Amino acid sequence: MSVPQLTFDSSTIWTKICGVRDPEQAAAVAAAKPSAIGLNFFPGSVRYVSDEAAHRIVGVLPDAVSTIGVFVNEPLREVIRRVDEIGLDGVQFHGDEPPELLADFQRRCPTTLLLRAFRYGPTGLVPISDYLSECDRLGVKLSGCLLDAHSASAYGGTGTPLPWEELRRALAQAVLPPVILAGGLRPENVTTALESVRPQGLDVASGVESSPGVKDPQLVAELLRRVREWSAAANRNEA
């Protein structure tokens, strides 16, 4: 199976600004040129977006900015319906979805980016590696693996950073799909996070907001500026 891949360039890593709720926000965020915008279809989130608003958001985005639908324990038929009707480039499963559901989705939407989010907690990467092993057994090929902070009361978007140095040590002993780092990322700490973990991508929501669910274009631009500066310096050091 030819699996869609996250796209990288020589100047920066893949970066998703997640939880955009209306076309005006989307246009302002897209002006800073992130890799993708996340549309949150989980009704329990302050960043929830309706199907109607999602249609309008997709309509204002340039082709260079991908759209990733975020779903939490949504029936698969509803996920696929939104992929088809809204025109999503990718899907991020962020709940308790089993590997079997991902396998079914990939069979039915083979050209759609497939991301799986995990909450990294006290048990480290062990349950994540076990889950990914089952995905391998079922033939699931993930485009990316998102790591967020563990919370007993929320599926994500809490603004809590991960233990970056601990995570880097754990990742050095594991084989995962491209890692997308989430959890408490802000302009003032994103350079430290990148240096500590060395992920292939970033996912940012609350850290670039003026209030819950409201993106601040200046914070988005500043975060992406710092990501690009770090990436350029890292590329120079590796040359």
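We number each residue from 1, following the sequence as shown. Worth saying up front: this structure is predicted, and the values here are computed from it rather than measured.
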Check: Between atom CG of Leu202 and atom CD1 of Ile180, what is the distance when rounded to the nearest 0.5 Å?
Finding: 9.0 Å
Item checked: Sequence neighbours excluded - ring pair (Phe, Tyr, Trp, His ring centres under 6.0 Å) pairs with any residue from residues 197-233 -> none
Notebook entry, point to check: Which atom names give the shortest non-hydrogen contact between Val220 and Ala32, and what distance separates them?
Noted result: CG1-CB, 3.9 Å
Note to self: As an exercise, state the distance from CD1 of Ile68 to CG of Asn40, rounded to the nearest 0.5 Å.
What the structure shows: 13.0 Å
Checklist line | Same apolar cluster: Val70 and Leu146, side chain cutoff 4.5 Å | finding: no
Checklist line | Considering all heavy atoms, the nearest Leu142-Leu102 contact | finding: CD2-CD2, 3.8 Å
Next item on the list: Using the side-chain hydrogen bond (donor to acceptor under 3.5 Å, both in side chains) rule, collect all pairs that involve residues 210-220, keeping only residues at least two apart or in two chains.
Entry: Glu209-Lys215
Check: Say you draw a straight line from NZ of Lys141 to CG of Asp136; how long is it, rounded to the nearest 0.5 Å?
Finding: 5.5 Å
Next item on the list: Using the test side chain to side chain contact (heavy atoms under 4.5 Å, CB included), find all partners of Pro99 that sit at least two apart in sequence or belong to another chain.
Entry: Tyr131, Glu134, Cys135, Leu138
Check: How would you list, by chain and number, every residue that makes a salt bridge (Lys or Arg N to Asp or Glu O under 4.0 Å) with Glu222, sequence neighbours excluded?
Finding: Arg225, Arg226
Check: Would you call Phe41 and Val72 a side-chain contact if the rule is heavy atoms closer than 4.5 Å?
Finding: no
Notebook entry, point to check: If every non-hydrogen atom of Val227 is compared with every non-hydrogen atom of Val190, which pair is closest and at what distance?
Noted result: CG2-CG2, 3.9 Å
Check: Do the side chain of Asn189 and the main chain of Arg186 share a donor and acceptor less than 3.5 angstrom apart?
Finding: yes
Notebook entry, point to check: Does Gln92 reach the main-chain N or O of Arg116 with its side chain, forming a donor-acceptor pair under 3.5 Å?
Noted result: no
Checklist line | Residues which pass salt bridge (Lys or Arg N to Asp or Glu O under 4.0 Å) with Glu166, listed by chain and number, not counting sequence neighbours | finding: none
Next item on the list: Could I get the full list of side chain to side chain contact (heavy atoms under 4.5 Å, CB included) partners for Pro212, not counting sequence neighbours?
Entry: Val46
Note to self: If the condition is salt bridge (Lys or Arg N to Asp or Glu O under 4.0 Å), which residues does Asp104 pass it with, not counting sequence neighbours?
What the structure shows: Arg107, Arg108
Next item on the list: Compare every heavy atom of Ser35 with every heavy atom of Ile13, then report the nearest pair and how far apart it is.
Entry: O-OG, 3.9 Å
Margin query: Considering only residues two or more places apart or on different chains, which pairs with a residue in residues 83-95 satisfy salt bridge (Lys or Arg N to Asp or Glu O under 4.0 Å)?
Written below: Arg81-Glu85
Item checked: Pairing of Arg119 and Asp148 as salt bridge, 4.0 angstrom limit -> no
Next item on the list: Specify the closest pair of heavy atoms between Leu185 and Ala193, including all atoms of both residues, with the distance to one decimal.
Entry: CD2-CB, 3.6 Å
Item checked: With sequence neighbours excluded, residues passing side chain to side chain donor-acceptor pair (under 3.5 Å) with Arg198 -> Glu195
Check: When rounded to the nearest 0.5 angstrom, what distance separates CD in Glu100 from CD in Glu97?
Finding: 12.0 Å
Notebook entry, point to check: Okay, side chain of Gln200, backbone of Val179: is any donor-acceptor separation there less than 3.5 Å?
Noted result: yes
Notebook entry, point to check: Of all residues at least two apart in sequence or in a different chain, which pass the side chain to side chain contact (heavy atoms under 4.5 Å, CB included) check with Ala27?
Noted result: none
Check: How are the rings of Phe93 and Phe71 set to each other: parallel, tilted or perpendicular (split at 30° and 60°)?
Finding: tilted
Next item on the list: For residues 60-77, pull every pair meeting salt bridge (Lys or Arg N to Asp or Glu O under 4.0 Å), keeping only residues two or more places apart or in separate chains.
Entry: Glu74-Arg82
Next item on the list: Give the minimum heavy-atom separation between Asp203 and Cys18, together with the two atoms involved.
Entry: OD1-CB, 3.8 Å
Next item on the list: Any chance you could measure Thr112, atom OG1, to Gln106, atom CD, to the nearest 0.5 Å?
Entry: 9.5 Å
Checklist line | Trace of the side-chain contact (heavy atoms from CB on, under 4.5 Å) decision for Asn73 with Phe42 | finding: CA-CA 9 Å; Asn73 301 333; Phe42 178 45; over 6 Å; no
Notebook entry, point to check: How long is the span from the OG1 atom in Thr67 to the CD1 atom in Ile86, to the nearest 0.5 Å?
Noted result: 8.5 Å
Check: Looking at residues at least two apart in the chain, or sitting in another chain, which of them share a side chain to side chain contact (heavy atoms under 4.5 Å, CB included) with Val197?
Finding: Trp164, Leu167, Leu171, Leu181, Pro199
